[in-house]
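Report on the structure given below.
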Amino acid sequence: MNAKELAQYIEQTNGESKPWLLVQLRLKKLQENRDRISPTEYICCLEDIHQDMMNLGEWWIGREKEVFEEGR
């Protein structure tokens with residue numbers, strides 16, 4: 001799945017409010033543009049995405065069914 005397909009999936013499933021999907025989209029876009037940016041810029045962007053992912057924390061604990069199984 002490329003970034004465009006992932007973005008369409010996120011839109012179709014109302015995933016804009018699901019921060020982990022937005023992190024995945026950012027990562028996919030970064031991967032697709034890796035050959036267009038310097039290694040230093042790539043690492044910087046990757047670190048930024050990683051920090052945002054870590055900032056999500058464990059907000060989902062106790063809400064696993066509501067959060068991760070919605071729409072199945």
How would you list, by chain and number, every residue that makes a side-chain hydrogen bond (donor to acceptor under 3.5 Å, both in side chains) with N33, sequence neighbours excluded?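 Once residues adjacent in sequence are excluded, the partners of N33 under the side-chain hydrogen bond (donor to acceptor under 3.5 Å, both in side chains) criterion are R36.
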Distance-minimising heavy-atom pair for P19 and L56: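 Residues P19 and L56, closest heavy atoms: CB-CD2, 3.4 Å.
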Minimum heavy-atom distance between L25 and A3, given as atom pair plus value: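 What the structure gives for the nearest pair is CD1-O, 3.4 Å.
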Can you tell me if K28 has over 12 outside heavy atoms packed within less than 6.0 Å of its NZ?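 Check passes, neighbour count above 12.
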Could you tell me whether a side-chain N or O of E64 sits under 3.5 Å from a main-chain N or O of G62, the two making a donor and an acceptor?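 Yes, E64 side chain to G62 backbone: donor-acceptor pair under 3.5 Å.
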Partners meeting side chain to side chain contact (heavy atoms under 4.5 Å, CB included) with [X] (sequence neighbours left out):
X: N55; value: Q51, D52
X: L22; value: I10
X: S38; value: T40, E41
X: I43; value: E47

State the CD-CE distance between Q24 and M53, to the nearest 0.5 angstrom.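 Answer rounded to 0.5 Å: 10.0 Å.
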Start with the C-alpha gap between K29 and L6, add the side-chain angles, then the distance that decides, and say whether side chain to side chain contact (heavy atoms under 4.5 Å, CB included) holds. CA-CA 10 Å; K29 286 182 175 183; L6 181 56; over 6 Å; no
If you look only at pairs with a residue in residues 6-37, which of them pass as a ring pair (Phe, Tyr, Trp, His ring centres under 6.0 Å), with sequence neighbours excluded?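 Sorted pair list: W20-W59, W20-F68.
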